[in-house]
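To keep things clear, I will list the structure first and then write my remarks on it.
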Amino acid sequence: MEELTATHFLLLSAALFIIGMMGVLTRRNVIVIFMSVELMINGVNVALIGFAWEQNSMVGQSFALFVIAVAAAESIVGLGIIMALQRRIDTIDVADVRQLRE
Amino acid sequence: MSTEVLVFDILAVVAVIAALGVILARNPVHSAVALIVTFINLAAIFVMLHAEFLAAVQLLVYTGAVTVLIVFVIFLVKVDDLPEFYGGNPVQRIFALLIGLALLGEVAAAILTRSAIGASDIWTAEAIADAGGNAEVIGQVLYSEYVLAIQITAVLLLVGTVAALVLARPASATLPDRVKRTGLISLAHPRGADREVAAALPAGLEASRRGETSGVRFDDRGVILVDNAEAFTDQTAWGGDRLEGDD
Amino acid sequence: MSDLLFLIPLLPLLAATINFVFGRRMADAQTAWLATASIAGSFALSLAAFGNQLDSDEPLTQHLYDWIPAGLFHVPLNLYVDHLTAIMLLVVTSVSLVVHIYSQGYMAGDPGFYRFFSFLPLFVFSMLMLVLADNFLVIFFGWEAVGLCSYLLIGFYFKRHSANQAAKKAFIVNRVGDFGFATGIMLIFWKFDSVVFSEVFARLELVSVDTLTIIALLLFTGAAGKSAQLPLFVWLPDAMEGPTPVSALIHAATMVTAGIYMLARMYPIVSASSDAMFVIALVGAITAFMAGSIALTQFDIKRVIAYSTVSHLGFMAFAIGVGAWVAAIFHLFTHAFFKGLLFLGSGSVIHGMHEEQDMRKMGGLRKYMPTTYWTFAIAAASNAGIIVFAGFFSKDEILVGGWLDHQYALTIIMFGAAFFSSLYIFRAVFMTFWGEERFDPEHVHPHESPRIMTVPLILLAIPAFAAGVVGLPPEDGWIHDFLEPAFHVEEHAEETASAIAIFQEGEEHAEEGHHVSTAMTITFFALSTVLAIGGLAIAYLAYVAKHPAFDPRAWAERAGPVYDLLYNKYYLDEIYERLIIHPLYWISENILWKIVDIEIIDGTVNGVAATVNYSSNQLRRVQTGFVANYALAIAIGAVIVIGIALALQSDLLG
């Protein structure tokens, strides 16, 4: 592994993505879950940019930019939902949010 | 081992450790700080990947905007009141760990056995420099091939903003709205909560004379609600002598 | 000049739009003059374009915009004027102009006046787009748009049931042809990766002759629908339900010739396939003969002319089929004038007879409406192919072309059709304008039409009489030189040359395709003149002189079943009714409705609902409400999917 290759970036990407996923699966605080989702998104971005770098392409970077833009929109809505949760049912513990069942 | 790889390894290791910090920290504020560290490391890695513009955007949007938002929200939602987050189901945590490891194994296998490398595009480092730099080239690509996507993204951001406004609106702001929608008039008199007063109102008298119970209602705060103002044109204004209950 | 091309179709479109939107509030005269002025503008510009093409072999083009820039499927919207287009432009705009003027008199007082004068320019716009197209998609747009205008104008008197029926019939029968046309275009795009004429024609070598035959036949299916060829001509006679100026413009002069024009445009494709050419010639000849024979027995003056139109379209298709491209366009050119004039003349008669269309209730109108009579007679002579009249030269050239292409049997059929042409049209002339007055003088007072209608008749009579000069001398006239660049008939040069060698009087093996010996020209002139005069004479003897040997009723009885067959238009409508419409109804009712709709579709819908209802009740138990559980399910799904993908990629599963 003398040269820097896309494999490096892909492994980093996978690590970030999976760490984020574990966070989503194990944590109960909505805010931490939200941060874990941001981690996963960043992992994907690393992969996109890594591929773009490997192939001298701009498409990967463009898509990463879109991902960031969409993630920004997502964070607005996600944090709005957290605020609403806190206000309506006075908790941000996902274990207490069970209205989805019915 | 070249310097490049060394730098990358340091950045990647720090990023991964910080990421672990995000999901392991007990205090959400610590998680947020770890998240910032991850983001900054990733921005540095983006620079290594010749994605300078994205690195800047990463810093601005994530480290700047998103994490600040997160911290704000953490302060707003009274973290101290929350129960300990580790009180979750241990079976689920073990299960999640297994799944994560399985996925890691799969993805690592895919990455390490990867052989297909697509045809190289035209944007080598020299070509980018000739075209005027990374930001310039991204602009070109975005505004030629992805114009529609840009427009849709803009609309998405607008919708997101509106959605956040609606979601984060204080609950009390919705009440007058509800009243308007149902066409009710609220008589928020201090003594309005008194059911006898309500029953003595003209509308209530009218209704009780006809043997009905409707005409005057209470909402959950004890405010008297009626369907229209006409019901009060003949009212005796709270404790007046025409209230039959006073006789 | 080429920068102004867009005005040619745009002016009528503007007039149509303004009249349609504001027409209700405008005075009738305003709408009419707006429409007429716009067509006059188009006509002037067309004249300019034509003048430009007169001494130039370089086509005029104007790029308007890219209609569909979808990668490989790139369709520009270009206007394109070469010699062929220039002639078509002249025909379309000049006849349109005359018809617009005429309609001001004919439609006067009609409650739908403004509607008429918005549909008519709309039609002209569509037709001009069709003619100016430089690719298949634009021509198809024009093609469908003229079809729509035709539908709107046939059904113009929409309160009349028969008009609605006729409009629907025209639309539906045309759909059959359009289906073929659209399929042909798709096949062309599939095979050539382009829909632009010049690009497709440049790549013809890339595909086999069989494919080209299929494409040519599909295109001809479209042409057969629009240009009323067998077996799709049934809509055209019924289309006479529309106002008479519409019949003149759309169903005689312009729209129905779109098919012929399209085939001429496609000549590199069509001429590459001798099989397709033969089919076209065969269909054209049979159509010409059948329609001509039907016209002999009809009594409605417009129907006679309608069948005459079908017959002459058959002539043009035959000309295409035998490779006489120039003759086909030449006949299209002359036909537009004399057939338009015949319709306008019949419109004038109908107008003067208080909406009477049955020739059995006319007669002796010559002295009441002299202008109409004389112009109608000129057009009739042209239609019949009396020598010196325009129709003679163009029709004769088609017959010569057929003979040169070895289609001897078909050419003889065409001679029969030519004889019918003369017979039925003079039958119409004599029944209408000569003989005793068979109308009820108490109620009907025939009168000449107002000047706004007779002036257009005179205007059209000039080309109907004299348009033949552009084809003089035969086979080597001005029009031949002019259209030659549009048809580089190289392939046919050899065939024609050999045909001349076979022809007994061919003195020399000519190198070029259009060499015809003088002796042959004279022979054909003589033959067709004899036939035309013969038809005229028989019609005169039968309907004016009342010669007992030619009594039409006696002949009708003598012919018996043949007469019935002709009178009932070969029972084509009845055959379609039996073979297509009845089975269609039966299938719709018994299979599509009772089985497919009720059993299968309704059953499926209800079944799906029931299944969903049941399974959701079962699945509801899975929903725990824990967000973490849902996330876990997603993660497990990801692991499984990626695992499957890896396994498929590796050798694990072989």
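So you know, we letter chains A, B, ... as the sequences are listed, proteins then strands, and number each from 1.
With a threshold of 4.5 angstrom between heavy atoms, Leu65(A) approaches chain B through its backbone and through its side chain. For Leu158(B), no part sits under 4.5 Å from any heavy atom of chain A, backbone or side chain. Using a 4.5 Å cut-off between heavy atoms, Leu165(B) makes no contact with chain A at all. Neither the backbone nor the side chain of Leu48(A) comes within contact range of chain B; no heavy atom of the residue lies under 4.5 Å from a heavy atom of that chain. For chain A, no part of Phe72(B) is nearby; none of its heavy atoms comes within less than 4.5 Å. Both the backbone and the side chain of Ala149(B) come within less than 4.5 Å of a heavy atom in chain A. Only the side chain of Val61(B) has a heavy atom closer than 4.5 Å to any heavy atom of chain A. Only the side chain of Leu12(A) comes within contact range of chain B, with at least one heavy atom under 4.5 Å from a heavy atom of that chain. If you measure heavy-atom distances from Ser31(B) to chain A, the contacts under 4.5 Å come from both the backbone and the side chain. Both the backbone and the side chain of Tyr146(B) come within contact range of chain A, with heavy atoms under 4.5 Å apart. Using a 4.5 Å cut-off between heavy atoms, Phe51(A) contacts chain B through its side chain alone, with no backbone atom that close. For a residue to count as touching a neighbouring chain, one of its non-hydrogen atoms must lie under 4.5 Å from one of that chain's; by this rule Leu16(A) touches chain B with the side chain only. The contact between Val16(B) and chain A is made by backbone and side chain atoms together, counting heavy-atom distances below 4.5 Å. Heavy atoms of Leu42(B) lying under 4.5 Å from chain A belong exclusively to its side chain. When heavy atoms are compared at a cutoff of 4.5 Å, Leu35(B) approaches chain A solely by way of its side chain, counted from C-beta outward. Contacts between Met21(A) and chain B at a heavy-atom distance below 4.5 Å involve the side chain alone, from C-beta outward. In this structure, chain A has no heavy atom under 4.5 Å from any part of Ala154(B). In this structure, the portion of Ser75(A) lying under 4.5 Å from any heavy atom of chain B is its side chain and not its backbone.
The closest side-chain heavy-atom distance from Glu38(A) to Thr38(B) is not below 4.5 Å. Contact check for Phe95(B) versus Leu25(A): no side-chain heavy atoms found under the 4.5 Å cut-off.
Heavy-atom pairs under 4.5 Å with chain B were tallied for Ile76(A), Ile18(A), Val24(A); the largest tally goes to Ile18(A). When the candidates Gly160(B), Ala108(B), Ala19(B) are compared by the number of heavy-atom contacts under 4.5 Å with chain A, Ala19(B) comes out ahead. Among Ala69(A), Ser62(A), Ala84(A), the residue with the largest count of heavy-atom pairs under 4.5 Å with chain B is Ser62(A). In terms of heavy-atom pairs under 4.5 Å with chain B, the best-connected choice from Met22(A), Met83(A), Glu74(A) is Met22(A).
The two residues Arg26(B) and Arg27(A) have their closest heavy-atom pair at O-NH2, 4.1 Å. In this structure, Asn45(A) and Phe46(B) approach most closely via the heavy-atom pair CB-CZ, 4.2 Å. Between Asp9(B) and His8(A), the closest heavy-atom pair is OD1-CD2, 4.4 Å. Here the shortest heavy-atom pairing between Leu79(A) and Ile70(B) reads CD1-N, 4.1 Å. The shortest non-hydrogen separation linking Gln58(B) to Ile68(A) is OE1-CD1, 4.3 Å. Between Leu157(B) and Ala72(A) the shortest heavy-atom distance is CD2-CB, 4.4 Å.
The distance from the CH2 atom of Trp53(A) to the CD1 atom of Ile45(B) is 12.0 Å, given to the nearest 0.5 Å. Note that CD1 of Ile111(B) is 4.5 Å distant from CG of Leu11(A), once rounded to the nearest 0.5 Å.
Side-chain atoms of Gln61(A) and Asn134(B) include a donor-acceptor pair closer than 3.5 Å.
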Verdict with reasoning, Val73(B) to Ile31(A), per side-chain contact (heavy atoms from CB on, under 4.5 Å): CA-CA 8 Å; Val73(B) 172; Ile31(A) 298 179; 4.0 Å; yes

